Amino acid sequence: MGNKTSVLHILYALFPLNYERYIEPFGGSGAVLLDKKKPDKFEVYNDYNHNLVNLFRCMRDRPMAFIKELGFYPLNSRDDFNVIKNFFKQEKFDDKYLDEELELTKIILPDLKAEEIIELYVRMKQDYDLRRAVMFLKLLRYSYSSGGKSFACQPFSVVSLFQLIEQVGKRLENTVIENQDFEVLIKHYDRENAFFYCDPPYFSSEYVYQCGFTWDDHIRLKNALAKARGKWLVSYNDCEEIRNLYDGCSFFDFTRLHNMKQ
Ligand SMILES: C[S@@+](CC[C@H](N)C(=O)[O-])C[C@H]1O[C@@H](n2cnc3c(N)ncnc32)[C@H](O)[C@@H]1O
């Protein structure tokens, strides 16, 4: 997810002094938004990855149910990790018998009993988002560099996440959480008093992200920002292609150590 923690102080120093709307079209792990000294009155977290967005929504809207659910999914082996990873590959839980069960319940049980059981099944189905969020958090937390791809081989207790979930939920109470393509989002929230902090997938590392990102997307972003009435700041890896694309804009360069060297 691109760890920004070590460079946050540089980013914040580059933020404009005055703005009224803070908008992050590529919110990712939320690190930049969550670590700001204080929340802005109007702030928007957005990401195109619907699993990330669902995770933040569930932590914000149902922190206690989230914590309860978390306790039900211990995960401390490569096999468990792979089960979850495969689930996210196919994007579905094993609910294949649920509809059949609902139908049979109506036929087999007397009305009153069936009503109770159907209610339970419906609740299970409604909790799909919650279960998905919990499993996604585990996939990230137990994977190497939070990439969700390979098992980190590090023991980790989910209990240590309980407090974090409560804090994140509280912190996001007044944050708008969106799941849009950046261009739609920028157009929608653009005002003179807006500030967009954009951290798109880096040039030639686009494959890292589930949603992918093409050269046309980099151009789309540049054009959307060029048209914006609000202020903006974009982070990128330093390369000729991006320097040419943003020719005429102000650059601030800095070097950071690779995660492993920190
Ligand atoms: C470099 S990461 C953002 C990292 C974030 N600043 C952090 O600290 O974790 C880029 C993010 O862009 C998202 N993304 C990819 N394509 C997108 C699109 N078309 N619109 C919005 N977000 C997109 C990815 O899902 C990914 O989370």
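Both counts, for ligands and for their atoms, begin at 1 and track the order of listing. In this text the structure is predicted, and so the values were computed from the model without any measurement. Side chains are part of it too, since the values below use all heavy atoms of this structure and drop only hydrogens, waters and symmetry mates.
- Heavy-atom proximity to Q180, at under 4.0 Å, picks out these atoms of ligand 1: 20 (N), 21 (C).
- Screening V7, T5, L8 against V32 for a side chain to side chain contact (heavy atoms under 4.5 Å, CB included) leaves a single residue, L8.
- Less than 4.0 angstrom separates some heavy atom of D181 from each of these atoms of ligand 1: 18 (C), 19 (N), 20 (N).
- Between D199 and ligand 1, an N or O atom pair is found at a separation short of 3.5 Å.
- The F182 neighbourhood of ligand 1 comprises atoms 18 (C), 19 (N), 20 (N), 21 (C), with distances under 4.0 Å to a heavy atom of that residue.
- The neighbour count for N244 CG, taken as heavy atoms of other residues, nucleotides or ligands under 6.0 Å away, is above 12.
- The ligand atoms of ligand 1 that sit less than 4.0 angstrom from a heavy atom of S29 are 7 (C), 8 (O), 9 (O).
- Under a 4.0 Å heavy-atom criterion, D47 is in contact with ligand 1.
- Using a cut-off of 4.0 Å between Lys/Arg side-chain N and Asp/Glu carboxylate O, E240 and R243 are scored as not salt-bridged.
- At a 4.0 Å cut-off, not a single heavy atom of S235 sits close enough to ligand 1 to count as contact.
- With contacts defined as side-chain heavy-atom distances shorter than 4.5 Å, the pair L130/R62 qualifies.
- Residue Y48 has at least one heavy-atom neighbour below 4.0 Å for each of these atoms of ligand 1: 17 (C), 18 (C), 19 (N), 20 (N), 21 (C), 22 (N), 23 (C).
- Judged by a 6.0 Å distance limit and a 45° cone about the ring axis, R21 is not positioned over the six-membered ring of Y189.
- Atom numbering of ligand 1 starts at 1 in the shown order; those under 4.0 Å from a heavy atom of G212 are 16 (N).
- Checking each of W232, Y19, Y12 against F195 for a ring-ring contact (aromatic ring centres under 6.0 Å, His included) leaves exactly one that passes, namely Y19.
- If you look at F26 next to ligand 1, the close heavy atoms, those under 4.0 Å, come from the backbone and the side chain alike.
- Near P25, meaning under 4.0 Å from any of its heavy atoms, are these atoms of ligand 1: 21 (C), 22 (N).
- Exactly one of L225, I186, V44 qualifies for a side chain to side chain contact (heavy atoms under 4.5 Å, CB included) with P25. That residue is I186.
- For the pair K231 and F196, the NZ or CZ position fails the cation-pi test of under 6.0 Å to the six-membered ring centre and within 45 degrees of the ring normal.
- Taking a cut-off of under 4.0 Å to the non-hydrogen atoms of N49, the atoms of ligand 1 that pass are 25 (O).
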